[in-house]
Amino acid sequence: MADTVTAKPGGSTRATSTTLSSRLATWAVVALIDVAVVWFVSRLLPLGFLPLAGVVVAVALFVNVVLLLQKAYPIRWMVVGLVLMTMFTLYPIVFTVWVAFTNYGEAHLITKQQAINQILQVTYLPETGRSYTWTAFQSPDGDYALWVIDTDGQGFLAVPGQALSQPQPGEAGLGPLDAKGIPQTIEGYARLNVFQAATDQNLTRILFGAAGQTIQVRSPQEAAELLPRYLYDPGQDAMIDQETGTAYVNLRGTFTSSTGQELRPGFIEAIQFANFREFFTSPALRGPLVSILVWNFGFALFSLVLNFSLGLAIAVLFNDPRFPFKKLIRSLLILPYTVPALITILIWRGMLNPELGVIDRVLESLFGWAPPWFTDPTWAKVAILLVNLWLSYPYFMLICSGALQSIPDELFAAAQVDGASPWQQFWQITLPLLLVAVGPLLIASFTFNFNNFNLIYLFNAGGPPMAGTPTPAGHTDILISYVYNLAFSGSRGVNYGFAAAITIIIFFIVGTITLFQFRLTRTWEAVSENV
Amino acid sequence: MSNRAALERLRTPVGFSRAAGLGLRLVVAAILILFSVFPILWMLSASLNPTGSLATQSLIPANPSLANYETLLTSGEFPFWMWFGNSLKVSITTSVLSLSITTIAAYAFSRFRFRGRQTMLRGILLLQVFPALLALVAVFLMISQIGEVIPFLDLDTHGGLILVYLGGAMGINIWLMKGYLDTVPREIDESAKVEGASDWQIFTQLVLPLLRPILIVIAIINYIGTYGEFVLARVLLRSNETYTLMVGLQIFAGAQFQQRWGVFAAGALLGALPIMILYLALQDQIVGGLTQGAVKG
């Protein structure tokens, strides 16, 4: 890093004085990186990990440019962070965006080519197809050969990948025939007895004979000339059933007949905006989605108001240097903030447990009734707000007391001279100025809670469940926890595509708020400078 | 101090004596402290209750004992030390590496002027607000594929987990750090430059020592964040030997929450203790960092 080029005027003169040795060092580093990348990619390609290899190559090219181009000097300082960010933040996001425009999910997990290949494996016995009795032979290497006899008593040798042949004893290593017309030996193979052949798992899977006209073992008695049942017609983008002539046309990643019959498996296919359309228009989803959205905004907003109010109240109440035990009280009050959230949420889950938890047992003994925190939708929401209040008020207390210190004393002095009451002073001086200072943090907190997956997931996983929804949804689910169920719950209808589409919608909501925050931060900064 | 006086009046209705106001506030403080401390006390009491189940717990255990702690630290049922050690290893490594990446990058953002600088800064922040939950699928695939070639970055390794954590190093902290760097006078750099110092020398020898307070804050915030993270860790780690404490606690809680409540509480308390101590000891510095823009996540 000895070569110094800043983008500022004056720095450029020093660019020319870059020493040879430092340039050599740069070249050495670049060469080393490139060798490592080539090795890594050459190992990835045979494994078939093409997208990952593509990302690695792209990132490596970027690193080369940055290290070799003098103009990119400032980027060198952040290249490690950018590379990691590209690989583990940016690329997964690109992947999510891609998934949002596909039907990726249950029954649509493989590529189209893989699906076609699987469907092509299906065979049927055509009416004109011939059937045979068979005897199996196995080589020491595990290769198989069949001796088949057709209904006319003609014997044939069938080997995978070769057309049927009709060798006589003595030809092609054939031994003498037995009473049934079956060769007693074939050179290089051992004859399997009926029991061995019937229990051999591999036999039924092997296609004997030349491609397109193959013989397959169907039962211990019968081997038959089976044909592929379906053929792919690229013109119609359809699988044609050879037995019935039915065309199964590709419909959103599933080959479907005109009567609605589907061929499995389906495959991943781009479906443009269908996921988004479904989000906004599907009548089955509208019920749960509307209630989830309303609660999502309500939860974020209520949490913000409650947590901020309590934090602010405490900050104002104890904003007094002469207050006794100030430091001790503050330390005790921020305790909730110091415990990892996972632990506190699980502890609250235990305390609010309806039969065994301490809170309900106390309320029960006092009033003979306790709120059903986990089974009643409204009380579940109250419980979540309560837990979140406990988790977050210390944060607001801390930032508010910090901001209170920064409000100039003269303002209050002036207000007092003008005869403003304490109440007026609070609403007209303290609060507006405080909001200027902590406003951006409030917005950040709103967006954080908007996606507060940990709280919902750990506390009650979105429960209690809503009845009769097409995909799992609960009364306290917010969008992000609903997305989690869609993508990972694995019970009903895993649908990555739809989950990804909702993720993008969430991103637009949160991103808009964040951009608004940028603007506001600048405006508020300007305001506070004027004060 | 006149605003203190004003605020004093705001909180003290006319006619109340100052002593009464103070008394009232002490009562309020007591109630609030009860609210904030109760769950922690309850956790402590659960951990000391030898019968160890949620149903039999009362706030003051009938015959307190350290039986749960003994189970925790000596039996294999809850391998506390192993999980705790894993957590320390992962979060300290992540915190230190991420701090280095962030600081060097933030220095460039603060000191150099180049095209796309504002756009990059905003882009980095916008990337952070993308809900990363679904990206887990891609992250999982990537790590499993990388692991085929480089075994120590595979699934179920701490290397892979740390690598993914570092992918988020250029996050919100870069803004925090840049904001702080912007307050370090540029004249320091300029004068050193005249003397012929390189940017790297200026950064390491002049600027870095001035950054010590914010470095500590960001390192601690990083450390606490990583220590408490469980979603990624849960997806990438899959065996008892590699679990971090948070993953272990969550799995333990899922499996036998109500019966082994005492052991869980003991483990949770011991696990939370280092973070609590860190917070309380450094609360002034951390508060300073928080008010500059970091949100606990």
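Letters A, B, ... mirror the listed sequences (proteins, then strands); counts begin at 1. All values below were derived from every heavy atom in this structure, side-chain atoms included, with hydrogens, water molecules and symmetry-related copies excluded.
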Student: Under 4.5 Å, counting heavy-atom pairs only, tell me which of A:I93, A:I506, A:L335, A:V510 racks up the most with chain B.
Tutor: A:I93
Student: So what's closer than 4.5 Å to chain A heavy atoms on B:V149: side chain, backbone, both or neither?
Tutor: both
Student: One pair to check against side-chain contact (heavy atoms from CB on, under 4.5 Å): B:F230 and A:Y457. What are the steps and the verdict?
Tutor: CA-CA 12 Å; B:F230 75 96; A:Y457 175 71; 4.0 Å; yes
Student: Who wins among A:F49, A:W39, A:F95 for the most heavy-atom pairs under 4.5 Å with chain B?
Tutor: A:F49
Student: Rounded to the nearest 0.5 Å, how far apart are OG1 of A:T338 and CD1 of B:I277?
Tutor: 10.0 Å
Student: If you count heavy-atom pairs within less than 4.5 Å of chain B, which of A:T96, A:I343, A:V80 leads?
Tutor: A:I343
Student: Of the backbone (N, CA, C, O) and the side chain (C-beta and beyond), which part of A:L458 lies under 4.5 Å from a heavy atom of chain B, both, or neither?
Tutor: side chain
Student: Please identify each residue that fulfils side-chain hydrogen bond (donor to acceptor under 3.5 Å, both in side chains) with A:T514, with sequence neighbours left out.
Tutor: none
Student: Answer whether the closest heavy-atom distance between the side chains of B:I143 and A:F88 falls below 4.5 Å.
Tutor: yes
Student: Show the nearest heavy-atom pair for residues B:Q250 and A:L346, with the distance to one decimal.
Tutor: CA-CD1, 4.4 Å
Student: Using non-hydrogen atoms only, which part of A:Y393 is less than 4.5 Å away from chain B: side chain, backbone, both, or neither?
Tutor: side chain
Student: Please walk me through it: do B:L133 and A:T503 pass side-chain contact (heavy atoms from CB on, under 4.5 Å)?
Tutor: CA-CA 8 Å; B:L133 198 60; A:T503 304; over 6 Å; no
Student: With chain B, which of A:T89, A:L342, A:I429 has the greatest number of heavy-atom pairs at distances under 4.5 Å?
Tutor: A:L342
Student: Taking the six-membered ring where the residue is Trp, are the ring centres of B:W200 and A:W77 under 6.0 Å apart?
Tutor: yes
Student: Atom CZ in B:R115, atom NZ in A:K71: separation rounded to 0.5 Å?
Tutor: 6.0 Å
Student: List the steps, then state whether side-chain contact (heavy atoms from CB on, under 4.5 Å) holds for A:I347 with B:F264.
Tutor: CA-CA 9 Å; A:I347 292 291; B:F264 172 81; 4.2 Å; yes
Student: In the structure I gave you, are the side-chain heavy atoms of A:L332 and B:L32 within less than 4.5 Å of one another anywhere?
Tutor: no
Student: Name the region of A:F453, side chain, backbone, both or neither, that has any atom closer than 4.5 Å to a heavy atom of chain B.
Tutor: side chain
Student: Can you name the residues that form a side-chain hydrogen bond (donor to acceptor under 3.5 Å, both in side chains) with A:S481, not counting sequence neighbours?
Tutor: A:D477
Student: Measure from the ring center of A:Y73 to the ring center of B:F112 and say whether it is less than 6.0 Å.
Tutor: yes
Student: Nearest 0.5 Å please: distance from the CE atom of A:M78 over to the CE atom of B:M170.
Tutor: 6.0 Å
Student: Is there a side-chain contact between B:I150 and A:F40 in this structure, where contact means two heavy atoms from C-beta onward sitting under 4.5 Å apart?
Tutor: yes
Student: Just wondering, do B:I275 and A:V339 contact through their side chains at under 4.5 Å, heavy atoms?
Tutor: no
Student: Test B:M120 against A:L82 for side-chain contact (heavy atoms from CB on, under 4.5 Å), laying out the working first.
Tutor: CA-CA 10 Å; B:M120 270 172 82; A:L82 286 178; 3.7 Å; yes
